[in-house]
Protein chains: 2
Amino acid sequence: MTVTLADVAARARVSPATVSRVLNGNYPVAAATRERVLRAVDELDYVPNGPASSLAAATSDLVGILVNDIADPFFGIMAGAAQGAIGESGAGRAGGEKLAVVCNTGGSPERELTYLTLLQRQRAAAVILTGGSLEDDAHLAAVTAKLARLAEAGTRVVLCGRPPLGADAEHVGAATLAFDNRAGARRLTEHLLSLGHRRIGYVAGPADRTTTRHRLEGHREALRVAGAAEGPTLHGPYDRASGYDATVELLRLDPALTAVVAANDTVALGVCAALRDRGLSIPGDVSVAGFDDLPFSVDAVPALTTVRLPLHEAGARAGRLALGAEAAPPGGLATIPAEVVVRGSTGRPPE
Amino acid sequence: MTVTLADVAARARVSPATVSRVLNGNYPVAAATRERVLRAVDELDYVPNGPASSLAAATSDLVGILVNDIADPFFGIMAGAAQGAIGESGAGRAGGEKLAVVCNTGGSPERELTYLTLLQRQRAAAVILTGGSLEDDAHLAAVTAKLARLAEAGTRVVLCGRPPLGADAEHVGAATLAFDNRAGARRLTEHLLSLGHRRIGYVAGPADRTTTRHRLEGHREALRVAGAAEGPTLHGPYDRASGYDATVELLRLDPALTAVVAANDTVALGVCAALRDRGLSIPGDVSVAGFDDLPFSVDAVPALTTVRLPLHEAGARAGRLALGAEAAPPGGLATIPAEVVVRGSTGRPPE
DNA sequence: CTGTTAGCGCCTTCAT
DNA sequence: ATGAAGGCGCTAACAG
């Protein structure tokens with residue numbers, strides 16, 4: 001059978017409680033006994049039973065990181081950074097090590113709730129929700145309720161790249177790192193306007209997501225301030241095909257378009273492909289802008305003008321927040337700035 | 001306090017044992033009582049205590065998916081597919097739902113082992129290791145030993161896109177889905193040779209990884225069969241910068257290069273960037289080929305010739321294997337074919 | 001500083 | 001088909 005703590009205790013000629021104490025290091029133990037116990041652990045190749053200690057301690061070392069699409073580097077980068085921050089923490093042998101795991105919801109609200117329940121069932125130490133959320137009152141309420149349960153059971157809740165829960169959810173005490181999508185989008189469009197563009201198409205993300213809405217609002221605000229008319233806008237998923245298809249349609253709606261703003265860089269890639277296939281040059285005929293500044297964006301041809309989000313930093317910070325290794329921002333909310341990166345895909349409109 | 005099974009039992013006016021039985025569905029229960037219990041569960045918003053049931057049942061519903069780099073779509077796609085396959089399984093209410101979680105090792109052997117231990121500690125139901133492994137005898141032995149422990153404790157082990165453990169590890173009973181990197185690489189180089197290339201540079205992955213070695217061997221085999229000399233070869237990480245830097249160096253080593261083969265598509269992007277920056281046209285002056293056929297590869301300019309690996313299918317299959325929902329391949333090993341995809345980045349060498 | 005004593009919440013024979 | 005009872009392996013008060 002598997003080795004238990006009692007076996008170690010017997011081998012080291014101490015009580016189980018003592019073994020538990022040296023393993024968890026939360027209690028004074030004589031150096032000599034500690035030594036003896038550690039040796040017994042090694043000799044027996046003992047591995048603690050996680051469920052048993054979670055049960056007894058009423059808490060586990062699981063940290064869940066929820067992402068909308070694990071195949072998308074936008075989430076991969078944040079999740080990787082968070083996991084890194086969490087993994088490093090417990091470097092010191094037994095005890096500290098948390099098990100940071102990422103859960104892929106695929107953007108499905110049901111799966112999001114399912115994972116939250118599963119994590120609740122595991123008595124997770126913390127939960128990090130990344131990326132925008134669905135704007136559906138029922139779902140939002142369900143998630144908030146779930147998070148409240150978790151928080152009340154001692155699970156730390158962190159939102160990363162996600163808007164705050166709302167005033168009625170302060171009791172959840174969620175630490176929030178929100179991306180300033182609105183300002184980023186506004187400045188991006190201002191950049192286009194300053195180049196002289198007045199007919200700008202927009203390929204937005206899915207209609208019911210906060211990220212989509214905030215970026216769109218920023219875009220519209222810039223247009224409004226400049227007194228420019230809003231161009232055609234189409235919604236679709238955050239993928240390449242969406243950008244391609246939408247661009248074809250956008251050009252049909254307004255053949256005189258001089259710029260296209262995409263929901264994110266992946267979509268922008270599709271926009272570029274469609275433009276190229278129609279024989280239009282970038283940015284000679286049409287300028288293109290993305291969002292997120294994912295690693296491949298600099299390698300697009302021409303390199304993509306986009307809005308940089310500090311995904312890695314935000315993820316790492318979320319990880320530390322989840323560990324309680326960093327104090328929550330004032331008011332529980334930090335707004336992460338978004339910075340426009342001008343590259344080759346945007347230029348002056350044709351005469 | 002949190003609701004326990006006993007609370008549900010009291011509410012439904014049955015014994016705890018009965019509640020357990022309807023929740024796990026592994027035992028006959030009268031329809032009427034089941035109904036009553038289920039209602040009580042709903043009314044009380046009961047969530048089973050995972051650690052407690054794991055402890056009692058000596059097994060958990062955790063499935064760990066280990067990846068080398070979660071920010072890399074190569075792993076993201078496999079992990080997402082596996083997680084999808086596992087998540088779908090338990091659709092039927094309580095019970096079945098497994099918690100599929102991905103663990104990011106960052107390519108570090110220590111973290112790989114740490115995660116395996118953590119998973120062992122959680123009494124994970126299954127473990128999926130994805131991607132190539134480090135070719136270090138000590139590490140390999142350690143991992144094999146760990147997997148043996150896990151297997152012996154009832155954890156299912158699946159390798160996805162990773163070579164088999166070796167003859168001395170048959171007792172682990174790991175189901176293996178190995179990518180045919182060697183054949184894919186060979187055919188890719190054959191394609192280049194058939195176009196007339198004879199001076200081919202190679203930007204390989206990290207020197208001590210199986211994937212790197214297999215791809216390189218396939219490349220060399222094609223060269224040998226054709227009686228062509230091997231061009232300069234450089235090693236580096238699987239990232240864009242490596243491709244860029246290596247290309248600069250490759251051109252210094254052999255300015256007459258007519259083609260560059262990259263370790264994977266991401267590296268190939270860097271290769272293309274370096275070539276462009278040097279004023280060389282692709283494929284006019286130099287042809288470029290990648291590996292993996294990641295989503296962005298079709299959008300490179302020109303679109304990348306590469307080797308397609310059915311990442312999604314393999315990941316999904318690994319997920320089913322981990323659940324025991326699919327029979328292991330004969331001999332425990334399936335070799336996943338790799339197919340060359342010819343696109344615009346390769347052409348005839350200049351005169 | 002260390003041992004003793006109770007559970008943590010659930011599953012699982014064993015009876016009924 | 002259902003109830004009763006013991007124990008899974010560990011932690012957390014209490015004593016000493």
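All values below were derived from every heavy atom in this structure, side-chain atoms included, with hydrogens, water molecules and symmetry-related copies excluded. So you know, we letter chains A, B, ... as the sequences are listed, proteins then strands, and number each from 1.
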> For the pair made of CZ in B:Arg121 and P in D:dC10, what is the distance, rounded to whole Å?
Replying inline: 10 Å
>> Between B:Thr105 and B:Ser108, do the side chains contain a donor N or O and an acceptor N or O under 3.5 Å apart?
In response: no
> Would the number of heavy atoms belonging to other residues, nucleotides or ligands and lying under 6.0 Å from NE2 of A:His139 be above 12?
Replying inline: yes
> For A:Leu23 and D:dT11, what is the distance between atoms CG and P respectively, to the nearest whole Å?
Replying inline: 7 Å
> Any luck finding a side-chain donor-acceptor pair between A:Gln122 and B:Asp61 under 3.5 Å?
Replying inline: yes
>> Closer than 3.5 angstrom, by distance alone: can the side chain of B:Gln83 be matched with the main-chain N or O of A:Asn104 as a donor-acceptor pair?
In response: yes
>> Whether the side chain of B:Thr130 engages the backbone of B:Leu66 through a donor-acceptor N/O pair (distance < 3.5 Å, no angle test) should be reported.
In response: yes
>> With a 6.0 Å cut-off (strictly less than), is the heavy-atom count around CD of A:Glu170, excluding the residue itself, greater than 12?
In response: no
>> Under a plain distance cut-off of 3.5 Å, with no hydrogens placed, do B:Thr117 and B:Thr114 share a side-chain donor-acceptor pair?
In response: no
Expected rows: protein N/O vs nucleotides 4-8 of chain C N/O, under 3.5 Å:
| residue | atom | partner | partner atom | Å |
| --- | --- | --- | --- | --- |
| C:dC8 | O2 | A:Ala56 | N | 3.4 |

>> Regarding B:Pro48, tell me which of base, sugar-phosphate or nothing describes its non-hydrogen contacts under 4.0 Å with the strands shown.
In response: sugar-phosphate
> Tell me: CZ of A:Arg123 to C1' of D:dT11, nearest whole Å?
Replying inline: 16 Å
>> Without decimals, in angstroms, what is the distance between B:Asp61 CG and C:dC11 C1'?
In response: 14 Å
>> Does a side-chain N or O of B:Ser20 approach OP1 or OP2 of C:dC11 to a distance below 4.0 Å, or not?
In response: yes
> Reckon A:Thr33 touches a base, only the sugar-phosphate, or nothing at all at heavy-atom distances under 4.0 Å?
Replying inline: sugar-phosphate
> Could you give the angle between the helix axes at the two ends of the helix from C:dC1-D:dG16 to C:dT16-D:dA1, with five pairs per end, rounded to 10 degrees?
Replying inline: 30°
>> Using only atom types and a distance under 3.5 Å, with no angle test, would you say the side chain of B:Arg123 pairs donor to acceptor with the backbone of B:Gln120?
In response: yes
>> Need one value for A:Val19: base, sugar-phosphate or nothing, where a base atom within 4.0 Å counts as base even if backbone is also close, heavy atoms only.
In response: nothing
>> Rounded to whole Å, please give me the gap between CZ in B:Arg13 and C1' in D:dG3.
In response: 15 Å
>> Rounding to an integer number of Å, can you tell me how far A:Asp7 CG sits from D:dG9 C1'?
In response: 10 Å
> Taking everything shown except A:Asp137 itself, do over 12 heavy atoms lie less than 6.0 Å from its CG?
Replying inline: no
> Within this structure, what is the CG-to-C1' distance between A:Asn24 and D:dA12, rounded to whole angstrom?
Replying inline: 11 Å
> What's the CZ-P distance between B:Arg34 and D:dA1, to the nearest Å?
Replying inline: 11 Å
